[in-house]
K.L.:
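Here it is: the structure, laid out below.
Just so you know, these numbers use all the heavy atoms, side chains as well, and skip hydrogens, waters and symmetry mates. Chain A is the first sequence line, chain B the second, and so forth, proteins listed ahead of strands; every chain is numbered from 1.
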Amino acid sequence: MTIQIYNTLTRKKEPFIPMEEGKVKMYVCGPTVYNYIHIGNARPVIAFDTVRRYLEYRGFDVTYVSNFTDVDDKIIKAANELGEEVGELTERFINAFHEDVGALGCNKADVHPRVTEHIGDIVDFVSVLIDKGFAYESQGDVYYRTRNFEGYGKLSHQSTDELKIGARIEEGIKKENALDFALWKAAKEGEISWESPWGAGRPGWHIECSVMAREHLGDTIDIHAGGQDLTFPHHENEIAQSEAMTGKTFANYWMHNGYINIDNEKMSKSLGNFVLVHDIQKQIDPKVLRFFVMSVHYRHPINFSQNLVESAANGLERIRTAYNNLKHRLATSADLGGQKDSWLHKVDEQKAAFEQAMDDDFNTANALAAIFELTKLANVYLVEKNTQSDVLDYFIKTFGDLMGVLGLPFDDVTGLLDAAVDALIEERLEARRNRAFNRSDEIRDELKEKGIILEDTAQGTRWKRG
RNA sequence: GGCGGCAUAGCCAAGCGGUAAGGCAUGGGUCUGCAACACCCUUACCACCGGUUCGAUUCCGGUUGCCGCCUCCA
């Protein structure tokens with residue numbers, strides 16, 4: 001079955017057919033780097049990292065590009081306030097971004113282009129738009145002439161008349177039309193700037209993505225993604241710029257993720273109701289956070305609260321426990337026969353359910369349901385008297401593969417305990433054999449305080465860190 | 001005003017024409033020396049009112065409530 005993707009452009013799920021068979025060109029709008037990212041900022045990174053992983057799991061060769069906006073008003077303001085160079089500030093927060101998002105299990109993009117590395121390309125691009133009549137210079141600024149782009153509004157499904165009513169800046173001295181937007185902004189006194197045919201200045205916000213996507217992926221890309229709030233005006237403007245430039249479709253599939261809310265309201269820097277990834281991961285395992293995000297379809301809002309995250313933690317723990325117990329069983333029991341094919345088949349059924357869910361517009365909530373079914377199967381298998389390493393292996397491999405697609409690889413807990421702890425576990429076993437349960441319970445309590453939880457099974461005592 | 005989303009058990013969340021997946025929590029039971037892990041059982045008139053249909057949580061119209069974009073924003 002082909003993967004179905006909900007395309008904002010058509011407002012429908014469509015079969016995903018990349019331009020070139022087996023290859024996917026994907027562009028995800030990245031952050032403006034003037035602060036640590038909050039968990040709302042992290043959602044698209046997680047969501048589209050998962051999309052990428054699944055496409056790769058399905059055998060596609062994905063080229064993934066995600067930019068950094070490393071020059072704009074907010075950055076300049078922040079740098080001024082901190083008395084820091086723009087470049088220093090952005091470098092710092094780009095590093096922080098990689099750390100935060102890495103902790104959340106997101107892979108780096110193949111290319112992380114930065115605006116400041118593409119100024120020349122941007123100037124060239126804007127010049128062509130002017131030549132083609134899609135842009136005009138005005139007092140050192142350059143604006144996009146929306147009136148000349150016929151498809152303006154097609155992504156957000158708005159007519160230009162309707163858009164005009166809500167436009168912030170009236171047309172007037174500088175702009176021909178209220179909907180026109182800046183491609184190039186003249187520098188103010190003392191601001192970081194670059195030379196251009198229109199004087200010293202810097203790029204407007206939208207132009208960078210058009211330029212960098214084209215530079216790194218070509219005129220047309222398969223998937224362009226970002227947060228819901230980028231649909232208008234950012235992505236609408238990107239389409240206007242790019243399609244005016246090339247005359248070709250800019251992106252075939254537009255994907256937009258929903259927000260993370262606090263008390264049912266959008267988390268945003270301007271509202272001040274945000275939680276920084278940098279801070280929260282000191283209290284919450286970042287993998288739990290990712291698991292929590294995965295529990296909801298990417299286009300739907302997620303309400304964030306400590307309680308909900310704790311519930312999610314319990315769910316994830318259940319999966320981890322089953323996985324570790326499978327490993328323990330594999331390590332402690334030889335092949336003892338028993339059913340094989342029927343179990344392999346049951347695992348395959350859940351794997352198929354997982355794939356079916358992911359094929360359907362990356363429905364991670366349903367994908368997780370399949371993983372929970374797999375968890376139950378594993379737990380049932382684990383209490384069988386006879387197990388086979390082939391089956392255990394297949395369970396373990398499948399768990400690893402599927403959780404890997406969700407960016408939730410299992411931590412390796414096979415690391416050894418120190419000798420003293422080993423000795424205590426051994427002593428406890430001996431005590432139990434002698435039915436000296438006081439001593440055995442004492443040891444169990446003692447280890448528990450050290451964060452080591454013991455569980456007795458027919459195959460011996462297994463331990464985990466609690 | 002324009003465009004859009006959401007409303008499903010105590011909580012979270014799928015489903016979207018044939019009488020409701022999954023998770024968390026609760027209660028009961030089984031397993032265990034006791035635990036833990038685990039397993040079994042337990043809980044829903046799908047916001048409201050109309051319509052279409054043999055049949056609607058699912059489609060259409062309307063109502064109410066909440067949220068978002070139209071302004072920097074993931």
Side-chain angles (χ1 to χ4, degrees), chain A residues 8 11 28-32 34 37-48 69 72-74 77 153 156-159 161-169 179 205 225-234 236 256-261 263-271 274 291-292 295-297 299-303 305 307-319 321-322 324-325 328 353 357 360 363-373 375-376 378-383 432 435-438 440-441 444-445 448 453-458 461-464 466:
Chain A
T8 306
R11 289 183 175 165
V28 180
C29 287
T32 301
Y34 65 104
I37 57 163
H38 64 240
I39 57 177
N41 296 319
R43 165 107 107 144
V45 187
I46 294 171
F48 300 118
T69 299
D72 94 318
D73 290 337
K74 283 167 296 182
K77 185 162 172 263
S156 49
H157 301 93
Q158 293 271 9
S159 72
D161 287 347
E162 284 152 357
L163 286 169
K164 219 165 165 175
I165 292 166
R168 181 177 59 149
I169 301 167
L179 294 181
W205 173 38
Q228 233 163 44
D229 47 356
L230 296 185
T231 308
F232 189 89
H234 186 57
E236 196 73 71
H256 293 97
N257 64 274
Y259 303 125
I260 290 185
N261 295 155
D263 295 329
N264 278 321
E265 278 202 326
K266 176 181 175 179
M267 179 182 296
S268 77
K269 285 176 183 164
S270 48
L271 286 173
F274 56 87
F291 178 83
F292 175 62
S295 71
V296 182
H297 185 90
R299 282 190 282 113
H300 293 181
I302 299 180
N303 215 28
S305 81
N307 279 347
L308 294 176
V309 173
E310 277 164 21
S311 299
N314 290 340
L316 178 58
E317 188 55 30
R318 182 148 183 269
I319 297 168
T321 299
N324 290 329
N325 291 351
H328 176 262
D360 183 15
N363 193 327
T364 53
N366 278 339
L368 278 178
I371 288 177
F372 276 113
E373 294 290 355
T375 301
K376 177 158 295 181
N379 286 333
V380 169
Y381 188 66
L382 281 166
V383 295
R432 291 184 71 222
R435 306 189 66 78
F437 296 122
N438 281 346
S440 90
D441 289 351
R444 187 168 63 197
D445 290 345
K448 191 175 180 185
I453 294 166
L454 299 185
E455 297 170 357
D456 299 320
T457 74
T461 300
R462 69 190 175 212
W463 61 272
K464 65 176 181 180

K.L.:
Under a 3.5 Å cut-off for both contacts, is B:C39 paired Watson-Crick or G-U wobble with anything, and if yes, with which nucleotide?
P.N.:
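Looking at the geometry, B:C39 pairs with B:G29.
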K.L.:
Ignoring backbone atoms, establish whether A:R299 has a side-chain N or O less than 4.0 Å from OP1 or OP2 of B:G5.
P.N.:
no
K.L.:
From the options B:A74, B:C72, B:C34, select the nucleotide whose nearest atom is closest to the side chain of A:K74.
P.N.:
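Among B:A74, B:C72, B:C34, the one nearest the side chain of A:K74 is B:C72.
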K.L.:
How far does the C1' atom of B:A14 sit from the matching atom of B:G55, given to the nearest Å?
P.N.:
23 Å
K.L.:
Across all strands shown, which nucleotide pairs with B:G10 by Watson-Crick or G-U wobble geometry, both distances under 3.5 Å?
P.N.:
B:C24
K.L.:
Which nucleotide, in any strand shown, forms a Watson-Crick or G-U wobble pair with B:G61, with both distances under 3.5 Å?
P.N.:
B:C49
K.L.:
Taking for each residue the nucleotide of RNA chain B with the nearest heavy atom, is it A:A365 or A:E317 whose nucleotide lies nearer the 5' end?
P.N.:
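The answer here is A:A365.
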K.L.:
Give A:G40 one of three labels, base, sugar-phosphate or nothing, depending on what nucleic acid heavy atoms sit under 4.0 Å from its own.
P.N.:
base
K.L.:
Of the options B:A35, B:A38, B:C70, whose atoms approach the side-chain atoms of A:V383 most closely?
P.N.:
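So the side chain of A:V383 is nearest to B:A38.
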K.L.:
For B:C40, does either OP1 or OP2 sit under 4.0 Å from a side-chain N or O belonging to A:K376?
P.N.:
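A:K376 to B:C40 OP1/OP2: side-chain N or O found under 4.0 Å.
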K.L.:
From the options B:A74, B:G22, B:G33, select the nucleotide whose nearest atom is closest to the side chain of A:F437.
P.N.:
B:G33
K.L.:
Name the residue closer to the 5' end of RNA chain B, choosing between A:R462 and A:D441 according to the nucleotide with the nearest heavy atom.
P.N.:
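On the 5' side of the pair lies A:D441.
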K.L.:
Is A:N264 close enough to B:C66 that one of its side-chain N or O atoms is under 4.0 Å from OP1 or OP2 there?
P.N.:
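Indeed not, no polar side-chain atom of A:N264 lies that close.
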K.L.:
For B:U19, what is the paired nucleotide under Watson-Crick or G-U wobble rules, both distances under 3.5 Å?
P.N.:
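Matched B:U19 with nothing under the 3.5 Å cut-off.
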K.L.:
Counting just side-chain N and O atoms, does A:R318 come under 4.0 Å of either OP1 or OP2 of B:G23?
P.N.:
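Yes, within the criterion.
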K.L.:
Quick check on B:A36: is either OP1 or OP2 less than 4.0 Å from any side-chain nitrogen or oxygen of A:K464?
P.N.:
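No.
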K.L.:
Given B:C3, B:G2, B:C69, identify the nucleotide with an atom nearest to the side chain of A:D229.
P.N.:
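Nearest listed nucleotide: B:C69.
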K.L.:
Between A:N314 and B:A25, is there a side-chain N or O to OP1/OP2 distance below 4.0 Å?
P.N.:
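Checking A:N314 against B:A25: at least one side-chain N or O falls below 4.0 Å of OP1 or OP2.
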K.L.:
Counting only Watson-Crick or G-U wobble pairs whose two distances fall under 3.5 Å, which nucleotide matches B:G55?
P.N.:
none
K.L.:
Only pairs with both distances under 3.5 Å count, Watson-Crick or wobble alike; so what is the partner of B:G4 in this structure?
P.N.:
B:C67
K.L.:
When you get a sec, tell me which of B:C12, B:C34, B:A14 is the closest nucleotide to the side chain of A:R432?
P.N.:
B:C34
K.L.:
For B:G15, does either OP1 or OP2 sit under 4.0 Å from a side-chain N or O belonging to A:N363?
P.N.:
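Answer is yes, contact under 4.0 Å.
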K.L.:
Just to confirm, is there a sub-4.0 Å distance from OP1 or OP2 of B:C72 to any side-chain nitrogen or oxygen of A:H234?
P.N.:
no
K.L.:
How far does the C1' atom of B:U8 sit from the matching atom of B:C45, given to the nearest Å?
P.N.:
12 Å
K.L.:
Starting from P on B:G65, measure out to CG on A:D263 and report it in whole angstrom.
P.N.:
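These atoms are roughly 20 Å apart.
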K.L.:
Between B:A74, B:G22, B:C37, which nucleotide gets closest to the side-chain atoms of A:Y259?
P.N.:
B:A74
K.L.:
Calculate the interatomic distance between A:N257 atom CG and B:G5 atom C1'; express it in whole Å.
P.N.:
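Rounded to the whole Å, the gap is 14 Å.
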K.L.:
When you get a sec, tell me which of B:C37, B:G68, B:C6 is the closest nucleotide to the side chain of A:H300?
P.N.:
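Looking only at heavy atoms from C-beta outward on A:H300, the closest nucleotide is B:C6.
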K.L.:
Quick check for you: among B:C69, B:G22, B:C39, whose closest atom lies nearest to any side-chain atom of A:F372?
P.N.:
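Between B:C69, B:G22, B:C39, the one nearest the side chain of A:F372 would be B:G22.
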K.L.:
Taking the minimum atom-to-atom distance to the side chain of A:K266, which one of B:C37, B:G68, B:A14 wins?
P.N.:
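Between B:C37, B:G68, B:A14, the one nearest the side chain of A:K266 would be B:G68.
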K.L.:
Return no unless some side-chain N or O of A:N366 is found under 4.0 Å from OP1 or OP2 of B:A14.
P.N.:
no
